[in-house]
> 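Encoded as structure tokens, here's the structure I'll be asking about.
A note on names: the letters A, B, ... follow the listed sequences, proteins ahead of strands, and every chain is numbered from 1. Values reported hereafter were calculated over all heavy atoms of this structure, with side chains retained and with hydrogens, waters and symmetry mates removed.
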Amino acid sequence: MSRPFYVTTPIYYVNDVPHLGTAYTTIVADALRRYHGLRGRETFMLTGTDEHGLKLEREAVSRGLSPKAFVDDMSARFRAAWPKMSVEADHFIRTTDPEHERLVQEVWKRVEQNGDLYLGSYEDWYCVGCESFKTEKELLAGNECPLHPGRGAEKVREETYFFKLASYADRLLNYYDAHPSFIEPESRRNEVISFVKGGLHDLSVSRASFSWGIPVPGNDKHVMYVWFDALANYWTALGGFGSDAERKYWAPNAEVVHLVGKDILRFHTVYWPAFLMSAGMPLPSKVFAHGFLTIDGQKMSKSLRNAVDPVRLAETPELAGADGLRYQLLRAVAFGQDGDFDHAAMVERYNADLGKNLGNLLSRTLGLCSKLTAGKAPAFDPGALPADIDRAFLRDRLELAGQVPQYWESLAPHLALEHTLRLASRANKYVDEAAPWAAAKAGNQPAIDAALGLLLEALKTLSELLWPAMPTKANELRKQLGLGPLSATVGADAWTMHNTRIDPLPGGHALAPSGALFPTIDKEREAELLSRLMPASTAPAALAPAAGGIPGHPSAIADSVAPAISYDDFAKVELKVGVVKTAEKVPKKDKLLKLTVDVGEPEPRTVIAGLALTFAPDALVGQRVIVVANLAPRDFGKGLVSHGMLLATGPSEKLVLATAPDSAEPGARLK
RNA sequence: GCCGAAGUAGCUCAGUUGGUUAGAGCGGGCGUUUCAUACGCGCUAGGUCGGGGGUUCGAAUCCCUCCUUCGGCACCA
């Protein structure tokens, strides 16, 4: 009996909406589910939404909603989006599901019983955007998180439960070593190994300062750190200890594959396995990190993300709707690497692969049948083909179809589809070689029957090979062949014989041609389509501030509210106007500049600032800047000591410096 | 700066036990067929295999070095 196959997507954080990136992961997961299902395996696909955390609590409050009402609305958008892309998950989990909350607590208790939790206190910076603590070294000047510029990280001191992650370093490394395919691609595996070898710290896994989360068992003041809650979804979704699904899919003989973006690899390959080890539960078989997509060559900024709506693409019938989107994503991007979603290339690929190659093969084959075999499948004997070209085609057909499974098995859908389309291409060549129309003039009926019989069989095979990627179109193809739709049947492998022998349509089988499967798109319609689908002018629009995001989704930045401080607290900070006198790059430090700044004192001060990614040293000389003058000196080693800090905002490579007007004298105090 | 990956035809890439004229798909160009969605088929790309040096009878493929790109880590008072 084959191994049960369980595939997951990340659960998506509901502060965002479904976009091309999340659609990509989810579509790949669905295609894998379909492939393995078609091979007769028991399959289970999971997706869902991540709905806890301080950020969501605040987002809800700022909109006058309860957290639950807010996440209900946002989660529904995800749930509604996937079926439009022909994604049929077996379960859609929400971290606010009562069952999930209950089962996470069970996992927590196991970890606790294993002695891996202890109560401590934590004082550090917390970035609401990341839902994680930051060391001071991770923050930009102004205590800004590099990933969420514009909103200060918050100083947090609170009681917290720690998970003894540090003690798991060796066990994790041993596990990676013993399971080389646990983390893929290999370069990601190396990254994780070097990260763990660098040493692990115990992990804060609870919060006591807000309440939108799962209560810690036995201590209601705490809610679980969002990652403990979120990662556990992969297991809780199956129904808990001893449930049928859990015994089938979270078992040593099951194949469990987590698809993740490379940005959350660490959580899935370090924290999650450590939690599971602690709880005495089996680990997943594989964590596969895919890359990020660019859109028409541009990084997927939030505004660009919102401009390219996967649901709209899936509802574009000219490009085969959901199937067209799926094909483009699965075929164009080497899974595991970064890829580009190029609208023009999508149309080109649609025309070339689907229209001219595959679709046309169907048209010409059915056309020949209606003319030469009365619209029915001919009877012929595959074991006694009349000509060399027929036997050569049969041999290639067996070989090509036989190559496809290995690529699906190894998580390489782009290669699986490449080889699938190669069969269509080979069949087109065979039509020309066999030239049934010429055989008809010569009155050679056996040649006609063999050729058309082989071609119909190839099309039938293609429908099966394509179904994981394009279920709707594959079934339409089958309908034209007079065949019923495919569906996965446990225990019945639809592909078993593809590489050894063929199973032709029976002689006399009625065909049902019904027009072009993939109508090609001519130049004018292509231009119209692209202007409709592509985000309005990438360049100028991108310069416009992305403030506000899409309607109804106020940007997180605008809603960030730090706790109030007293005037006395503020007065402790001495802000002064300074003039940059000199600036030079600090050798071997990418971000650091060594500045001397006149703050009205006899000697200019030395300030080390992380500005080098944005500013050339010369560009800063003469600038009137705002200096935090009474910050404790900081030693960078090698004689570099910083006596102050410059105020700035933005990500490291796009900083905006806080400056003062020329009328402000160096040394003037700001208040 | 440290660690890792990569730099091959216009584009996306394949190509490591070193060995004949360096490959595929797409796009482009030329030719051709007519069953077909003006679609197919055939031919065609003359690319310093990032630069330089070395080992070898012989290197895209091994060694050294440099450059560039992309990740991860460090650096941001």
> Who does B/C2 pair with, Watson-Crick or G-U, both distances under 3.5 Å?
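B/C2 is paired with B/G72.
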> For the residue pair A/Asp340 and A/Thr294, confirm or rule out a side-chain donor-acceptor distance under 3.5 Å.
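Yes - a donor-acceptor pair under 3.5 Å links their side chains.
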> For A/Asp388, give me all partners under salt bridge (charged side-chain N to carboxylate O under 4.0 Å, His left out), at least two apart in sequence or on another chain.
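Per chain and number, A/Asp388 pairs via salt bridge (charged side-chain N to carboxylate O under 4.0 Å, His left out) with A/Arg391.
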> Over 60° means perpendicular and under 30° means parallel, so tell me whether A/Tyr175 and A/His179 are parallel, tilted or perpendicular.
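Geometry flag for A/His179 against A/Tyr175: parallel rings.
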> Which whole number of Å gives the distance between the C1' atom of B/U61 and that of B/G19?
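So the two C1' atoms sit 11 Å from each other.
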> Tell me: CZ of A/Arg188 to P of B/G72, nearest whole Å?
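Rounding to the nearest Å, CZ of A/Arg188 and P of B/G72 are 7 Å apart.
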> Quantified in whole Å, what is the C1' atom distance between nucleotide B/C70 and nucleotide B/G10?
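Their C1' atoms lie roughly 22 Å apart.
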> Ring-plane angle category for A/Tyr350 and A/Phe518, please: parallel below 30°, perpendicular beyond 60°, tilted otherwise.
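Aromatic pair A/Tyr350/A/Phe518 classed perpendicular.
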> Just jot down the side chain to side chain contact (heavy atoms under 4.5 Å, CB included) partners of A/Glu191, sequence neighbours excluded, or say none.
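Partners of A/Glu191 by the side chain to side chain contact (heavy atoms under 4.5 Å, CB included) criterion, ordered by chain and then number, come out as A/Arg188.
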> Touch check for A/Arg266, heavy atoms < 4.0 angstrom, all strands: base, sugar-phosphate only, or nothing?
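Result for A/Arg266 = sugar-phosphate.
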> Please work out if A/Ser187 contacts a base, only the sugar-phosphate, or nothing of the nucleic acid, heavy-atom cut-off 4.0 Å.
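The residue A/Ser187 makes no contact with any strand.
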> When the P atoms of B/G15 and B/G54 are considered, how many whole Å apart are they?
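Roughly 29 Å separates the two P atoms.
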> Partner of B/C13 by Watson-Crick or G-U wobble geometry, both contacts under 3.5 Å, or none?
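Because both required distances fall under 3.5 Å, B/C13 counts as paired with B/G23.
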> Is A/Ile608 touching bases, backbone alone, or none of the nucleic acid, heavy atoms closer than 4.0 Å?
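Sugar-phosphate only.
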> Rounding to an integer number of angstrom, what distance separates B/C3 and B/U17 when you compare their P atoms?
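Taking atom P in both B/C3 and B/U17, they lie 28 Å apart.
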> Rounded to the nearest angstrom, tell me the gap between atom CG in A/Asn428 and atom P in B/U37.
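So the two atoms are 13 Å apart, to the nearest Å.
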> Return the value, rounded to whole Å, for the distance between atom NZ of A/Lys371 and atom C1' of B/A36.
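My rounded result for the distance is 8 Å.
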> For B/G28, give the paired nucleotide (Watson-Crick: N1-N3 plus N6-O4 or O6-N4; G-U: N1-O2 and O6-N3; both under 3.5 Å), or none.
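Looking at the geometry, B/G28 pairs with B/U44.
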> What does A/Phe518 touch in the nucleic acid at a heavy-atom separation under 4.0 angstrom: a base, only the sugar-phosphate, or nothing?
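Base contact.
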> Name the residue closer to the 5' end of RNA chain B, choosing between A/Lys262 and A/Gly644 according to the nucleotide with the nearest heavy atom.
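The 5'-side residue here is A/Lys262.
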> Classify the ring geometry between A/Tyr407 and A/His419 as parallel (under 30°), tilted (30 to 60°) or perpendicular (over 60°).
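Ring orientation of A/Tyr407 relative to A/His419: parallel.
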> Give me the distance, rounded to whole Å, that separates B/A59 from B/U33 when you measure between the P atoms they each carry.
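One P to the other, the span is 46 Å.
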> Tell me the interatomic distance from A/Asp353, atom CG, to B/C26, atom C1', rounded to whole angstroms.
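It works out to 8 Å between those atoms.
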> Go through residues 331-350 of chain A and report each residue with a non-hydrogen atom lying under 4.0 Å from RNA chain B, sorted by number.
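Result for residues 331-350 of chain A: A/Gln337, A/Glu348, sorted by number.
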> Choose from B/C75, B/A24, B/A36 the nucleotide whose nearest atom is closest to any side-chain atom of A/Arg422.
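That would be B/A24.
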> Take the angle between the ring planes of A/Phe335 and A/Tyr24 and call it parallel below 30°, perpendicular above 60°, tilted in between.
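Answer is perpendicular, since the angle exceeds 60°.
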> Would you mind reading off the distance between A/Lys523 atom NZ and B/U37 atom P, rounded to a whole angstrom?
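In whole Å, B/U37 P lies 20 Å from A/Lys523 NZ.
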> Say you pick atom P in B/G52 and the same atom in B/C57; how far apart are they, in whole Å?
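My reading of the P atoms in B/G52 and B/C57 gives 23 Å.
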> Measuring from the side chain of A/Ser425 (C-beta onward, heavy atoms only), which nucleotide among B/C41, B/C35, B/C76 has the closest atom?
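My answer, after comparing the listed nucleotides, is B/C41.
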> Could you tell me the separation between the CD atom of A/Glu526 and the C1' atom of B/A38, rounded to a whole number of Å?
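So the two atoms are 16 Å apart, to the nearest Å.
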> Side chain of A/Asn190: nearest nucleotide among B/G4, B/C26, B/U34?
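Ranking B/G4, B/C26, B/U34 by closest atom to the A/Asn190 side chain puts B/G4 first.
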> Which nucleotide in the list B/G40, B/G72, B/U37 gets nearest to the side chain of A/Glu191?
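When the side chain of A/Glu191 is considered, B/G72 is the closest of B/G40, B/G72, B/U37.
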> Ring centres under 6.0 Å, that's the criterion: do A/Phe292 and A/His290 meet it?
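Between A/His290 and A/Phe292, which both carry aromatic rings, the centre distance is not below 6.0 Å.
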> To the side chain of A/Asp432, which of B/U37, B/C75, B/G40 is closest?
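Nucleotide nearest to A/Asp432's side chain: B/G40.
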> Between B/C41 and B/C64, how many Å separate the two P atoms, rounded to a whole number?
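B/C41 and B/C64 have their P atoms separated by 47 Å.
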> Roughly how many Å is it from CD in A/Glu433 to P in B/G42, rounded to a whole number?
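Going from CD in A/Glu433 over to P in B/G42 covers 8 Å.
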> Please tell me which of the listed nucleotides, B/G27, B/U37, B/A36, lies nearest to the side chain of A/Thr520?
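Selected nucleotide: B/U37.
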> Please examine the side chains of A/Val431 and A/Arg364, heavy atoms only from C-beta on, and report whether any two atoms are closer than 4.5 Å.
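Counting from C-beta outward, A/Arg364 and A/Val431 do come under 4.5 Å.
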> Measure CG/A/Leu611 against P/B/C76 and give the value in whole Å, please.
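From A/Leu611 CG to B/C76 P: 12 Å.
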> What's the gap between B/C13 and B/G31 when it is taken at their P atoms, as a whole Å value?
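About 33 Å, rounded to a whole number of Å.
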> Using a heavy-atom cut-off of 4.0 Å across all strands, would you classify A/Pro519 as base, sugar-phosphate, or nothing?
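Base contact.
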> Check every atom of B/C41, B/C75, B/A36 against the side chain of A/Arg364 and return the nucleotide holding the closest atom.
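Of all the options, the side chain of A/Arg364 is nearest to B/A36.
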> Taking the six-membered ring of A/Phe182, is the NZ or CZ of A/Arg189 close enough (under 6.0 Å from the centre) and on axis enough (within 45°)?
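Here A/Arg189 fails the 6.0 Å and 45° test against A/Phe182.
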> Check every strand shown and say whether A/Val628 touches a base, only sugar-phosphate, or nothing at a heavy-atom separation below 4.0 Å.
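Touches nothing.
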> Tell which nucleotide pairs with B/U61, taking only Watson-Crick or G-U wobble pairs whose two distances are both under 3.5 angstrom.
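Pairing partner, where one exists within any strand: none, as none qualifies.
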